[in-house]
Trainee: 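Please see the structure below; I have some questions.
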Amino acid sequence: MNLPQNQVCTTNTMNSLLRRAPVRSLLKQFSHTKSNLSTAASTHDFPPYLLATPPTSITSFPSSLRVATERILGSNTATVGVWIDAGSRYETSHNNGAAHFLEHMAFKGTQRRTQYMLEVEIENMGGHLNAYTSREQTVYFAKVFERDVPRAMDILADILLNSNLDRGSIERERDVILREMREVNKNPEELTLDHLHATAFSNSGLGRTILGPEENIKKLSREDLREYIDTHYLAPQMVIAGAGAVDHNELCDLANYYFGGLKTELNDEEKKSDAVCLDEAKFVGSDVRFHFPSDTMAHISLAYEGASWTSEYAYPLMILQNLLGSYNRAAPKADLSKLCHSVAMGELANSISTFNTCYKDTGLFGLYSVVESDKVNDLITCVTQNLAEVANHITEEDVERSKTTLKATMLMGLDGNTNVCEDIGRQLLTYGRRMTPAEIFTRIEEMTADDVRAAAHMVFHNKDHAMAAVGGLEGLPSYEWIRSNSF
């Protein structure tokens, strides 16, 4: 929702909301405000380093453009970037692949910088410029020394908003993306998971691939790419994030200078255009199979509808993912879940791993396995039986062990400026705020075995599933058989 144009900029730090004030006086006031992390975690015995985590400073401008930073004392480098609430799920069949195509074109030159000038400028700073596209987000970021933060912001704004989109470069880049597509298709796991999304969300944008179909890559025009920028790069959909040697006030000034003129909303005509997809994700029980009789291996993704980022089941499912765990025949481990132990003892698969993917309004929770073709039936029978019964076998000991693993994974994921910056940008887009590690630990600690059992029952018990399988699938049971054995 857009803020009224006469509403002043507001700043908040996690649990405290400061009174409204003019930008300058507010930023000055904010610099003296401390986040009360110890209060949020007072009921838990957290280590001092967790409670001493630097606060996240967040400023929201009248346009709804947000700036969020975490200054890490002692750091001489910074990561700054632009997180955009735009990915392949918001594309249509007409322009699917545009966000990824733009990611490639961003580094091919702007109205002020040729591709060579851009490369030399980044290299002379000793910096690093990168970008990636996902189903829900597009991200451009730079890692630089503290003194070069203003130049990094200038470059980021330039490649995002002033890309030349030269027709010759577009034609050359088509071949690059098509080669990338061929490489993706050679990766069985990526290929299988793309097919899984396509069948699980066949009636909504979330089912579209990030690269887009081959026919779109061959025909997307300069006008299509420009239209995508105009309809998706809006102020409310952007977060400017920074971590490390970053001054919040300075980054606010830079964000206002470079991104202050962004549109805040689409007009009626743009909302109806074939460049925008705003549908809700709808999970569809279904499967897709690509059987190659000569293949001796099969790659299978079996998934159920999971939870969104903000669902009450989000944290229980994160714990359940760790509880179910993974197994790899090449790197065996002693502490296996009941499911993985059954797979290992029966030598039913080369590897099996649990995945839990969250999106804004839904999720996918499932298992990806690599299995010899003559053991497909035995593996799926074992997996189906274990998932149907898993809620009955979850113990407090299992949950406590999984909670410890989840907390360790979360902390290791915040190691380094770039990881912190990524966490800030993602959380602002998904939650609308930044949760401190102490708050996340508190939420994890509050989960009980009953919560995890309820989540397992919600996901698996008598529920439709989606499955994608590629390879030798002669023994793969029918959809109906798997569905009828889900309880």
Side-chain angles (χ1 to χ4, degrees), residues 1 10-17 30 35-37 40-41 46 50-51 53-61 64-72 78-87 89-90 131-141 234-244 246 248 251-252 255 306-319 321 356-363 406-447:
M1 181 177 67
T10 59
T11 303
N12 62 67
T13 302
M14 304 308 294
N15 300 321
S16 62
L17 180 64
F30 180 81
S35 178
N36 190 1
L37 299 176
F46 291 145
L50 194 68
L51 302 177
T53 303
T56 302
S57 304
I58 304 172
T59 296
S60 179
F61 290 95
S64 294
L65 176 71
R66 288 160 291 175
V67 178
T69 63
E70 180 177 305
R71 185 170 184 85
I72 301 174
T79 299
V80 291
V82 184
W83 269 254
I84 310 171
D85 193 9
R89 74 167 296 180
Y90 303 115
Y132 66 85
T133 308
S134 69
R135 282 184 163 81
E136 289 193 324
Q137 297 176 10
T138 301
V139 178
Y140 294 81
F141 66 94
L234 309 178
Q237 294 176 213
M238 284 192 178
V239 171
I240 312 298
V246 179
H248 184 76
L251 197 61
C252 284
S308 68
W309 285 108
T310 56
S311 168
E312 62 183 302
Y313 293 107
Y315 280 94
L317 286 183
M318 292 178 194
I319 295 170
Q321 179 191 8
N356 176 37
T357 306
C358 295
Y359 295 108
K360 279 192 170 184
D361 51 357
T362 187
L406 179 58
K407 289 185 288 187
T409 301
M410 186 273 292
L411 279 183
M412 287 187 284
L414 294 177
D415 187 15
N417 296 342
T418 301
N419 288 345
V420 171
C421 194
E422 160 71 28
D423 190 61
I424 293 171
R426 178 185 57 80
Q427 287 203 35
L428 263 290
L429 289 182
T430 54
Y431 300 131
R433 66 187 186 97
R434 173 92 190 286
M435 288 193 288
T436 64
E439 180 181 352
I440 294 174
F441 268 43
T442 300
R443 289 174 180 268
I444 295 172
E445 283 296 330
E446 288 174 348
M447 296 298 110

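All figures in this text were calculated on a predicted structure; none of them were measured in a lab.
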Trainee: What distance separates M435 CE from Q427 CD, expressed to the nearest 0.5 Å?
Mentor: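 It is 5.0 Å, given to the nearest 0.5 Å.
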Trainee: Quick one: which of E445, E446, E439 gives a salt bridge (charged side-chain N to carboxylate O under 4.0 Å, His left out) with R443?
Mentor: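 With R443 as partner, salt bridge (charged side-chain N to carboxylate O under 4.0 Å, His left out) holds for just one option, E439.
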Trainee: If every non-hydrogen atom of D415 is compared with every non-hydrogen atom of N419, which pair is closest and at what distance?
Mentor: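 Looking at all heavy atoms of both residues, the closest pair is O-ND2, 2.9 Å.
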Trainee: CZ of R89 to CZ of R135: how many Å apart, nearest 0.5 Å?
Mentor: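 R89 CZ to R135 CZ: 10.5 Å, rounded to 0.5 Å.
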Trainee: Roughly how far, to the nearest 0.5 Å, is OG1 of T357 from CH2 of W309?
Mentor: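 Atom-to-atom, W309:CH2 and T357:OG1 are 8.5 Å apart.
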Trainee: Out of curiosity, L429 CG to M238 CE, how far, rounded to the nearest 0.5 Å?
Mentor: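 L429 CG to M238 CE: 10.5 Å, rounded to 0.5 Å.
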Trainee: Compare every heavy atom of H248 with every heavy atom of T59, then report the nearest pair and how far apart it is.
Mentor: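 That closest heavy-atom pairing would be OG1-NE2, 2.7 Å.
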Trainee: Search all heavy atoms of A314 against all heavy atoms of N356 and return the closest pair with its distance.
Mentor: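 Smallest heavy-atom distance, with atoms named: O-ND2, 4.5 Å.
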Trainee: List the steps, then state whether side chain to side chain contact (heavy atoms under 4.5 Å, CB included) holds for L411 with F441.
Mentor: CA-CA 10 Å; L411 279 183; F441 268 43; 3.7 Å; yes
Trainee: With sequence neighbours left out, what residues match Y359 under ring pair (Phe, Tyr, Trp, His ring centres under 6.0 Å)?
Mentor: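 Ring pair (Phe, Tyr, Trp, His ring centres under 6.0 Å) check on Y359 returns H197.
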Trainee: Would a distance-only check, ignoring hydrogens and angles, find a side-chain to backbone donor-acceptor pair under 3.5 Å from Q237 to D85?
Mentor: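 The answer is yes, because a donor-acceptor pair under 3.5 Å joins these two groups.
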Trainee: In Å and rounded to the nearest 0.5 Å, what is the CD1 to CG distance from I240 to L251?
Mentor: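 These two atoms lie 7.5 Å from each other.
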Trainee: If I compare all heavy atoms of G81 with all of C421, which pair ends up nearest, and what's the gap?
Mentor: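 That would be N-SG, 4.3 Å.
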Trainee: Could you grab the distance from atom OH of Y315 to atom CE of M447, nearest 0.5 Å is fine?
Mentor: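 It comes to 9.0 Å.
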Trainee: Which heavy atom of T430 sits nearest to which heavy atom of T310, and what is that distance?
Mentor: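 Heavy-atom minimum between the residues: O-CG2, 3.9 Å.
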Trainee: So which heavy atom on K360 is nearest to which on Y90, and how close?
Mentor: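 That closest heavy-atom pairing would be CD-OH, 3.6 Å.
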Trainee: Find out whether T53 and T436 are in side-chain contact, i.e. whether some heavy atom of one side chain is under 4.5 Å from a heavy atom of the other.
Mentor: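 Contact flag for T53/T436 side chains = no.
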